[in-house]
Each structure stands twice: as structure tokens, then as C-alpha cells.
Amino acid sequence: MSEQSAFNQKVVAEQAYSETSGLLDQLNLPPGAIRFIRGNKKAIQIAAAVVILLIVVGSLYKSYRTKRFENAASGLAMALETEGDVRTKNLQQVTDDFSGTPSALWATVELGHQAMKGSLYTEAIKYYSQVLEKVSNSNPMYSLVTYGLAQANEAAKNYEAAEATYSGLKDTEGYKDLGYKGMARVLEAQGKNDKALAVYEEYLGTFLGEAPDEENKKTIIEKITRLRVK
């Protein structure tokens, strides 16, 4: 009986080998490739297992990341529905729990706005600077936060920093007016009237070839006239 069992096991093994060999032959692989596969069968199995594992892990991570982004967005939306100190606390919770997500960045921007409302200009500068360190200048958020930083520096009377930041906005689409006006304003605040006048005149020169806001143009001309007689 044992001989029959041993014989059966041998026959099964031979059949399995024959089937595998036949499959490789049917794939029309070069003889060298077939020999390589047969000689490295275990290594190939391990490599295949690793690839499958990476696919599974990647899929799970993608699912986790999507869920995390959704939770972050939900947390931000709920935080924005609150007010005062509760709003600040909830926004900070979003930045702590969901660091690295777009919602966490927006929560940091909102913390900057909250600090500005409370006249906490140093804190506002900190929050806006944190965001600018994490986004590129091609990000739509960049110009908005740069303007917030300029305002915070101006309010904190960090005039040189505010001047430099406003100057960077002059050539930014959609922020040209804010850049020129802000820069001239902080120069005046420092008593640098000649430089402020030069900025207003440069600003007025940008109106050439376009249809400017006549009321805005009139205001700039009045400022130029006032500074010239000082």
C-alpha cells in the first residue's frame, strides 16, 4: 500500500512538472528564457508576490488618503461654521489632525484671518508665512496669502517687510492695484514721500493703453498732486 502511495506522489509530481513545462513551451518563449524561468522559479515567485503586495498596499493607501482628504474637508467646513475662540480652536484642530492636506492649508489661512481680526498681527504673520512655505507661486492661494502677509506686516508696522511684499504683488495679475497702493502707502507711513510719489507715478503709467477705473485714476492723480506740493 505504501509503495502504491509513493508511486502516486511520484506520478503527481511528474505530471505537475510536465504541465508546467508544457505551458512554458506553449508560450513560445526562447529556450534561454525557459531555462531562466525554470532555474529561478523561487525568485520569480517571490518577485511576483512583492509586486502583488505593492499593488495591494498602494490601493489601500489611496483609499486611506481619499478618506483622509474627505475628513479634512468635512472638519474645515464644520470649523468655518463656528465663531470666535471656538472657530480658532476648531481650525487649529484641522491643521493638527490633517497636516499636509489642502484643507489644513486653508485652515491655516483662516487662522491668519482670525488673528488679523483680533489685532494679533504677529500671529497672523506666522500663519501666512507657514502657508507660503508650503505652496508654489503658481498656486492660486499664493497671491491671496501674500496679500494677507503684506497687510499683517503693515498693521504690525513692519514697513520694510510690507513694502517688499506689496512690491511683489505689483506684477501679479489681479493684485496690481493692491500692490501699488499698498507699497505707496507704507512708504508714506515711513515719511518716504519722494519714493511714494515715484510709485504712484509708475502706477499711473500702467493705465496707458487700457481702460482704467476713472474714479481710481482720479484718486491716484490727487495723491500725486498732494505729494508734489509737500
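Remember, predicted model here, so these are calculated numbers, not experimental data. Numbers here are sequence positions counted from 1.
- S74 contributes no side-chain N or O that, together with a main-chain N or O of E70, makes up a donor-acceptor pair within less than 3.5 Å.
- When all heavy atoms of A184 and A196 are compared, the pair lying nearest together is O-CB, 3.6 Å.
- In terms of modelled atom types and a separation under 3.5 Å, the side chain of S99 and the main chain of D96 share no donor-acceptor contact.
- The CG atom of L91 sits 12.5 Å away from the CH2 atom of W106 when rounded to the nearest 0.5 Å.
- Remark: E201 engages R228 in a salt bridge, criterion side-chain N to carboxylate O under 4.0 Å.
- At least one test fails for R226 against the ring of Y200: distance under 6.0 Å to the centre or angle within 45° of the axis.
- Shown here for A72 and V94, the closest heavy-atom pair between the two residues is O-CG1, 4.3 Å.
- Crowding of D194 atom CG: a count of heavy atoms from other residues, nucleotides or ligands under 6.0 Å not exceeding 12.
- Closest approach of Y147 and L169 over heavy atoms only: CA-CD1, 3.7 Å.
- The pair R87-E110 counts as a salt bridge, with a side-chain nitrogen and a carboxylate oxygen less than 4.0 angstrom apart.
- The neighbour count for N137 CG, taken as heavy atoms of other residues, nucleotides or ligands under 6.0 Å away, is above 12.
- Taking the charged nitrogens against the carboxylate oxygens, E188 and K195 have no contact shorter than 4.0 Å, which rules out a salt bridge.
- Here the CG atom belonging to N158 is positioned 12.5 Å from the CD atom belonging to E163, to the nearest 0.5 angstrom.
- The neighbour count for K176 NZ, taken as heavy atoms of other residues, nucleotides or ligands under 6.0 Å away, is above 12.
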